[in-house]
Each structure stands twice: as C-alpha cells, then as structure tokens.
Amino acid sequence: MPEHDPEQELGPRISSALQSQADARTGLQKSGMAQEARRRVRKRRQAVSMLAGAVLVAAAIGGVWNLAGGESPVATNSSGSAADSKPANEPKSGHEMAPRSVVGCPADHPILTADSPSDLQASAGLDVNTPVTGLRACRYGFAEGGTGLLGQEVFNAAVAQQVVDAIKVLPERNPSLPVFKCAPQTARPSEAIVLRFDTAAGVREVWVEYDGCAAVGFFTGNRVYGLYAAPLKLFMTGSVRPSGGTHLSALPGW
C-alpha cells in the first residue's frame with residue numbers, strides 16, 4: 001500500500017482557493033459593470049423625460065400666447081435693430097404721400113353740371129381757417145366728347161396746408177389779369193380743377209377756375225380769392241397740370 005503524501009493534497013487545495021478568488025473578482029467586476037450600465041440607462045431616461053417635459057411646456061406656452069393674440073417676434077436686420085416695416089415702394093416725396101382717408105375724385109362730380117363755380121355750396125366748401133390733413137386735386141374737362149375726369153394727384157398734409165395758406169392771403173381779384181370780353185357760348189371754361197381737402201369734418205372742396213371768360217379764381221363756397229400763380233404751382237403737377245387756359249397764359253409768374 002502506497003504511503004500517504006500530504007504535499008500531494010496541498011497543491012489541489014491551493015489551486016482551488018486561487019480559482020475561487022478569481023471567480024469572486026470576476027463576479028464583482030461583472031456586478032459593478034452591470035450597476036454602471038443600469039445607472040447610465042437611468043440617466044439617459046431622466047434626460048429624455050426632462051427634454052420631453054420642456055417641449056410640452058414650450059408648446060403649452062406658445063398655444064396660450066397665440067390664444068391671447070400675441071404678435072410674432074419682429075424680424076431684425078443685420079445690425080440687430082427692428083426691420084424696416086415700410087413697403088419697398090412707399091413714396092418718398094411730399095407730393096405723393098397722402099393719408100388713406102382722402103377720398104378719390106368722383107367721376108360724376110357736381111362741377112360738371114354747375115352753371116358757374118359759385119354753385120359750390122358753403123356746406124361742401126372749405127373754410128380756409130380749417131386745418132387740413134390731405135389733398136387730392138381733380139382735373140375735370142367740359143369739352144364736348146371729353147367731359148369727365150382728366151387727371152388727379154395726391155398730396156400730403158404739409159402740401160395741403162401750404163395750398164390753403166397760399167390761398168387765404170389772396171385778394172378777391174388779381175388786378176394783373178386782363179378782362180376778357182366774349183360771347184356767352186364761349187364764356188364757359190373747357191376745364192377746371194376741384195381741390196378736395198381732408199379735414200376732421202370730412203372732405204371739403206375748393207373749385208379752381210382758370211379758363212373761359214366768366215369767372216376765375218379760387219371758390220370756397222363762402223368767398224372768392226383771386227387767381228395767382230403761387231398756389232397753382234403747388235398742385236398743378238402731373239396729370240392735373242393744364243395744357244393751357246385763357247387766364248393762365250396771361251397770369252404773371254406762371
């Protein structure tokens with residue numbers, strides 16, 4: 001019978017112990033990695049939940065703002081200031097700019113059938129002491145076959161007030177104009193201009209006569225102002241400028 005050797009049993013025990021320790025370490029490493037993985041998953045889920053909550057809050061605020069009638073943000077240009085809200089084709093001259101409240105020139109205006117400019121009613125005429133905020137000059141023709149609106153021009157408040165100020169200082173008659181004698185059938189002018197001023201009380205008019213033989217000047221419905229070049233030059237432009245006129249050809253300064 002072979003003799004028992006204790007050293008033969010010690011080797012396998014040591015090997016077994018070392019293997020157990022290695023297995024334990026591996027288990028701990030695997031456990032730690034699993035915990036780290038679970039922690040990262042939980043962190044990602046929290047981040048996603050917070051982002052989704054922020055989106056919902058922003059959407060809710062936006063909806064409430066829209067329901068409350070809030071305006072959209074103002075666009076800014078490269079300098080950071082608010083973008084210019086003026087349309088690209090907005091007129092720049094005082095002649096072209098006019099408030100929208102100024103009513104256009106009627107195609108069928110009472111001046112077309114009036115016997116004389118004195119037919120302008122005081123209620124429709126302009127009190128020259130009334131502030132004006134706009135002007136539309138309307139040129140009408142009375143010639144046979146050409147009766148009606150010949151042209152119109154729009155002016156802003158500044159020009160409109162200049163026209164009124166230039167008229168109200170005029171005398172009743174311009175003594176520099178010659179006195180024409182003509183038959184009744186030729187006394188009627190071939191054209192005239194209606195100045196339609198915008199005022200707080202609505203549109204008020206001044207009729208301008210510069211042709212024919214009967215009467216010339218600025219008619220307001222209350223009184224007559226003589227025909228002078230200074231007011232005429234302010235509004236007789238573009239399609240409102242006459243090609244001629246009995247008194248215009250003899251008017252000093254015109």
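These numbers come from the heavy atoms of this one structure, side chains and all, not from hydrogens, waters or symmetry mates. As the structure is a prediction and not an experimental result, all values here were calculated from the model.
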Measuring from [X]:[atom1] to [Y]:[atom2], what's the distance to the nearest 0.5 Å?
X	Y	atom1	atom2	value
Y140	L149	OH	CG	5.0 Å
I167	Q162	CD1	CD	12.0 Å
L170	L227	CG	CG	9.0 Å
E153	C105	CD	SG	9.5 Å
D198	R136	CG	CZ	10.5 Å

Min side-chain heavy-atom separation [X]-[Y] under 4.5 Å:
X	Y	value
Y228	P171	yes
E209	F219	yes
I111	F142	yes
L248	P242	yes
V194	V206	no
T237	F155	yes
W254	K233	yes

* **With sequence neighbours excluded, residues passing side chain to side chain donor-acceptor pair (under 3.5 Å) with K168** => D165
* Please identify each residue that fulfils side chain to side chain donor-acceptor pair (under 3.5 Å) with E205, with sequence neighbours left out. => H109, R196, W207
Is there a donor-acceptor pair under 3.5 Å between the side chain of [X] and the backbone N or O of [Y]?
X	Y	answer
N174	G226	no
D211	T246	yes
H247	V216	no

My understanding is that only one of [options] makes a side-chain contact (heavy atoms from CB on, under 4.5 Å) with [X]; could you say which?
X	options	value
I193	L232, V240, L150	V240
L135	N156, L195, L234	L195
V164	V159, T220, T130, L126	L126

* To do: Please assess Y225 against V128 for the test side-chain contact (heavy atoms from CB on, under 4.5 Å), listing each intermediate value before the final yes or no.
  => CA-CA 11 Å; Y225 297 86; V128 293; 3.5 Å; yes
Residue pair [X] / [Y]: nearest heavy atoms and the distance that separates them:
X	Y	result
A250	P178	CB-CD, 3.7 Å
S176	P252	CB-CG, 3.7 Å
Y210	G244	CE1-O, 4.2 Å
R204	T199	CG-OG1, 4.0 Å

* Are side-chain N/O atoms of Q152 and S239 paired as donor and acceptor at under 3.5 Å? ->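 No - no donor-acceptor pair under 3.5 Å links their side chains.
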* Asked: Looking at residues at least two apart in the chain, or sitting in another chain, which of them share a salt bridge (Lys or Arg N to Asp or Glu O under 4.0 Å) with R139?
  ->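 E191.
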